[in-house]
Amino acid sequence: MRVQTPNGFTTDNSGKRIVVDPLTRIEGHLRVEVNLDADNVICNAVSSGTMWRGIETILRGRDPRDAWAFTERICGVCTGTHALTSVRAVENALGITIPENANSIRNIMQLCLQVHDHLVHFYHLHALDWVDVFSALKADPKATSRLAQSVSPWPRSSPGYFKDLQIRLTKFFDSGQLGPFKNAYWGHPAYKLSPEANLMAVTHYSEALDFQKEIVKIHAVYGGKNPHPNWLVGGVPCAINVDGNGAIGAINMERLNLVSSIIDRSIEFVEQVYLPDIELIGSFYRGWLYGCGLSGRSVMSYGDVPENANDYSTKSLRVPRGVILNGNLREVLPVDHGDPDQIQEFVAHSWYKYPDEFRGLHPWDGITEPNFELGANFKGTRTDIKELDEGGKYSWIKAPRWRGNAVEVGPLARYIIGYAQDKAEFKEPAERLLKALKLPVTALFSTLGRTAARALECQWAAHQMRHFQDKLVAHIKAGDTATADVSKWNPESWPMEAKGYGFTEAPRGALGHWIKIKDRKIDNYQCVVPTTWNGSPRDPKGNIGAFEASLIGTPMADPGKPLEILRTIHSFDPCLACSTHVMSPDGQELASVTVR
Amino acid sequence: MSGKTAQVLNVLSSVGVAGKDRSADRDVVYVYEMPVRVWHWVNAAAIMVLAITGCFIGTAVPTMPGEASDNFFFGYIRFAHFSAGYVLAVGFLLRIYCAMMGNPHAKQIFYVPIWRRCFWDELWQTIRWYALLAVRSDKCAGHNPAAQLMMFSMFTLTTAFMIVTGFALYAQGSGQESWQFGLFGWIFGVLPNSQDVHTLHHLGLWVIVTFVLIHVYAAIREDIMSRRSISAIISGERDLRD
Amino acid sequence: MGEATETFYSVIRRQGITRRNFLKFCSLTAASLGLSPLAANDIAIALETKPRVPVIWMHGLECTCCSESFIRSAHPLVKDAVLSMISLDYDDTIMAAAGHQAEAILTETRAKYKDRYVLAIEGNPPLNEDGMFCIDGGKPFVEKLRSMAEDSMTIIAWGSCASWGCVQAARPNPTQAMPIDKVITNKPIIKVPGCPPIAEVMTAIVTFITTFGKLPELDRQGRPKMFYSQRIHDKCYRRSHFDAGQFVEEWDDESARKGYCLYKMGCKGPTTYNACSAVRWNGGVSFPIQSGHGCFGCSEDGFWDKGSFYDRLTTIKQFGIEANADQIGRAAAGAVGLAVAAHAAVTAAKRLTRKREGVVQEKRSKVQS
């Protein structure tokens, strides 16, 4: 049946149905089903979040100062970003301000996550959609070395270096135990890289695996550990003492130097390995510009990385903020998290129950009552689903909408908004890359564009870390060593009722937390996360979400091997544990949840 | 001398523990033997130390000035707690020994004769006496039934619980190869998160404090009302005259 | 020997260890295991030729922090572990295959390596809604877990989710998320709790199994003794401040800047069994206490439900009241104290009146007599 969606896509679920479940190399559990037309072009897409944990239900009645730790456990991949959003929400609700140094340290930690997450996402979750590991075995190490030296000054590029890795890889494949490379799509016609480019990329896969563990040492310095560093309502837990008695037990010169050296190394790695790789891979895939989806129409960013502590105005935020609707790049609309008409969540096609399923609810009044009920036309049984019915409920993800519009969020959205706002730090690098690849600006609206924007942002974030680290040092130099404001630490100092919100731009996109506090305990907590936006199912009006939109129109070379689906879905860096969440209404019990 | 007292004395002399001439002359029963009396006061002192140091351990002390290596204040508090804990535990063992070897009064705190009808009758009378409804309680050589019930539930059981949890917590420091862990480590099988053991141990402290309040009050009151309580735990003899 | 395939031997040779030293390592291993010197040869042959142990790594309800932690391992590097020490045949987070190609690996492993593969579980299965709060391949995750557990050699329960239940199992546990040992009862389960566990602890446990060919010794609660037999507190570098009585009283105060003990800020180091204070995190850079925040006991059972992380005395939640031991105790002692005072007053009053009556009566009786 052909359907025209209100947001401008045509779906047709009459052709052959392909199911990909589990969709691997993501965080959490995701299922994708598509229909193919006679030419094996995707003409309908259904994405279903297949897990639900109920963190927000669990948060009710707890101390708001603890909320960051609970929400941080929503996701261990974008670790820390939920915690930061949570402390901001609590501070917003209770009117707590943080010292300038705490702002710098929080920014450094958030940017560190950005750099780490983008790097790991590209090399370890995404690269194998572009890179054929098997083909690397056939490469000529000398030619690989020449190729590597032609694109980057990175010193690890001798023929011997590539040869060693090739030998090791050959042995590994010869052992017959292929580990994570088993049963994959090697030799698939959608792989375009030359054997040499493949070998270089595989080598960098391995180097990035070694290097990523260095980046997060910044989290270890300021937050004690990674994954899941520690945060604090009112500031940061680490105290600064560079020149006094007992400095050894605080952030001192040695700690600052450690962070500083990691920042330098990160900038170096991103600029000499990650970006050249993107450029090289992009040059092979210039002709594969599928996956535009919503990116060419509606995108959103909350903005993040405040230059000044406690100032979340568009001016202070280094990451662009705003919404672009229907491809109108000339107008960037303002976002207000407190406006009940802007951000709303719908559940008509999600496994939840609303009193009125045609209406959306603002997160402060959010309801999340699970209701696992399959559409009339699904195939299989309740506990063995063969095919979902997108006409009914089909996902644990809700459908958030901005003024009723489905929007895409993430690095590409941020770059498009930055581009539209004429911000040089976003516009220029994007144009440089496009020029190098000899592609028009519209090429950004694609799977490749998403992957490229992530790399550009990684570079931007690495430099911003340097900026805030320098700022931190400058403040310490000026005699300001405060890292926490404890004037409202004691719950006795809080009002009996308060509500607030916090937002960040997580590696995957716009992230918001909404909190209501009553009697000094959490009364209601709601998270609307990037993958909820991107991976959302249809809303009551039939608007499709970013994942689904991006798949439509993509041809598949071999329907039995869903490489193209993986490639496009991975370009969003899905995080399912984040997206599938829950909150029950004030005082209402989760009626459908019973112990069986 | 009332008939009841004579009966009691008869019973006591027949088992051969209180058959002392002088007490027989003076209507006085020898209730608390020397070891029990010594135990009582040592135990009281240990509890005092344990309660005070326990509170400090639960909430910590104000910060000490100077270098860490110059101070061992919190360490000493914990040391005092552990030492007193050992005294309490060893005392408790000795007290059990006394109960086995000593007179019937020495056994009283270790059981409640709920199977005896007369226990319930007397308990009722005692409650009426404490509720100021009855004029005089029946005289008891040892603990009256209400006291026995309280002793057993609030003191004996709690102390046993405190010893078990206390040693289990001590074993956290002394390690899994220590005898403390070998004997008491099973508690962590029941409560896997030792934070719970800390919490319950701390709650136990308050049960003991509450017990002490009631116990001291009841003893002083009894002493004023009948002059036979505090003196008894000092001399061991209880005067049963009116 | 062992040149064609990647084996433990080829890894350590590449790390610059000579054959001579390798053989020495084998004989030391044999000795420490109480085996005869002849066994050293067997160990050497095994390490040189034995196929890597297949590891199936599955994800239930979790946040992937355990996988993220695993790839942070500095020694061994995770690439060496995955390429040369184990055969990580299935891990949805990093594997190249997806969909039915991925599912096929599970079937194949079950048949080919029956009772010889290690099943590593990250996260846990929810039992509510027929298990459909976590769907994997269209079916409840718990089903997949049960079927893969059946033919496994042993199960590693990664992190606090698999070991205890962790955050999704915190009150009121809306999905009925269950730790692995509540669902699988007939296989040895090694619990490696922590949220997440330390990277090097994770790789050490895996390589212990592949190196020594046996399971690590476990404590009463099923955790490897080698990393979980001591508390954070026992090895904490701030312990001297604890003993001295020097505490942080408030965030960012003078004491915090001097690195004093975080006991008063609710640090759960004294009740948390883990290796953080000794092994530390991220290649030994730091651990929570070193960076100024107390430990909140993330490797302990039910640590989410012990009240605020910043409370020293944890909350007791019973009969609808919520208070800590001191509040309950003070209330009880206070109430009893009041009762005692009241009782004393009434007794005194009664005694006085009775005395007067008594005097009167005595006089009367004298008159009568």
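Computed from a prediction, not measured in an experiment: that's the story for all the values here. All values below come from the heavy atoms of this structure, side chains included, with hydrogens, waters and symmetry mates left out. Throughout, a chain's letter reflects where its sequence line sits, starting with A, and its residues are numbered from 1.
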Under a 4.5 Å heavy-atom cutoff, which of B/Val197, B/Asp196, B/Val207 has the most pairs with chain C? B/Asp196
What's the separation between atom OG1 in C/Thr347 and atom CZ in B/Arg221, rounded to the nearest 0.5 Å? 3.5 Å
Minimum-distance pair of heavy atoms, taken over all atoms of C/Val340 and B/Leu213: CG2-O, 4.5 Å
Please classify the contact between C/Arg223 and chain B as side chain, backbone, both or neither, with a heavy-atom cut-off of under 4.5 Å. neither
From the list C/Lys350, C/Lys264, C/Lys268, the residue making the most non-hydrogen contacts under 4.5 Å with chain B is C/Lys264
Side chain to side chain contact (heavy atoms under 4.5 Å, CB included), that's the test. Do C/Asp234 and B/Gln172 meet it? Break it down for me. CA-CA 9 Å; C/Asp234 296 321; B/Gln172 293 201 296; 5.9 Å; no
Can you tell me how far the OH atom of C/Tyr228 sits from the CD atom of B/Gln176, to the nearest 0.5 Å? 13.0 Å
Please classify the contact between C/Gln221 and chain B as side chain, backbone, both or neither, with a heavy-atom cut-off of under 4.5 Å. side chain
Only pairs of heavy atoms separated by less than 4.5 Å count here; which of B/Ile77, B/Thr210, B/Ile214, B/Val212 has the most with chain C? B/Thr210
For C/Lys258, is it the side chain, the backbone, both, or neither that has a heavy atom closer than 4.5 Å to a heavy atom of chain B? neither
Is chain C contacted by the side chain of B/His202, its backbone, both, or neither, given a heavy-atom distance below 4.5 Å? both
Which atoms form the tightest heavy-atom contact between B/Trp206 and C/Gly329, and what is the distance? CG-CA, 3.1 Å
Parallel, tilted or perpendicular for B/Tyr217 and C/His343, by the 30°/60° rule? perpendicular
Minimum-distance pair of heavy atoms, taken over all atoms of B/Arg78 and C/Asp243: NH1-OD1, 3.6 Å
Are C/Val336 and B/Phe211 side-chain neighbours, meaning at least one heavy-atom pair lies under 4.5 Å? no
Below 4.5 Å, heavy-atom pairs only: which of B/Trp186, B/Tyr76, B/Phe56 has the largest tally toward chain C? B/Trp186
Can you tell me which portion of B/Glu67 sits under 4.5 Å from chain C's heavy atoms? Options are side chain, backbone, both or neither. backbone
OH on C/Tyr263 to CD1 on B/Ile57, rounded to 0.5 Å: 7.0 Å
Contacts of C/Asp253 that satisfy side chain to side chain contact (heavy atoms under 4.5 Å, CB included) - sequence neighbours left out: C/Val248, C/Glu249, C/Glu250, C/Ser255, C/Ala256
Please round to the nearest 0.5 Å and tell me the distance separating atom CG of B/Asn71 and atom NE2 of C/His241. 10.5 Å
Chain B contact via C/Arg220 - side chain, backbone, both or neither, heavy atoms under 4.5 Å: side chain
Greatest number of non-hydrogen atom pairs under 4.5 angstrom with chain C, of B/Gly189, B/Gly58, B/Ala131, falls to B/Gly58
Looking at every non-hydrogen atom in both residues, tell me the closest pair between C/Ala333 and B/Val209 and how far apart they are. CB-CG1, 4.3 Å
Does some side-chain heavy atom of C/Thr272 sit less than 4.5 Å from a side-chain heavy atom of B/Gln195? no
Enclosure of B/Ile114 CD1 (heavy-atom neighbours >12, cutoff 6.0 Å): no
To the nearest 0.5 Å, atom CG of C/Asp326 lies from atom CG of B/Leu205 at 7.5 Å
Out of curiosity, C/Glu254 CD to B/Thr63 OG1, how far, rounded to the nearest 0.5 Å? 11.0 Å
Tabulate, in ascending numerical order, the residues of residues 153-169 of chain B having at least one heavy atom closer than 4.5 Å to a heavy atom of chain C, or enter 'none'. none
When you measure from the side chain of B/Ser194 to the backbone N and O of C/Thr271, does any donor-acceptor pair fall under 3.5 Å? yes
Below 4.5 Å, heavy-atom pairs only: which of B/Pro62, B/Pro65, B/Gly204, B/Cys55 has the largest tally toward chain C? B/Pro62
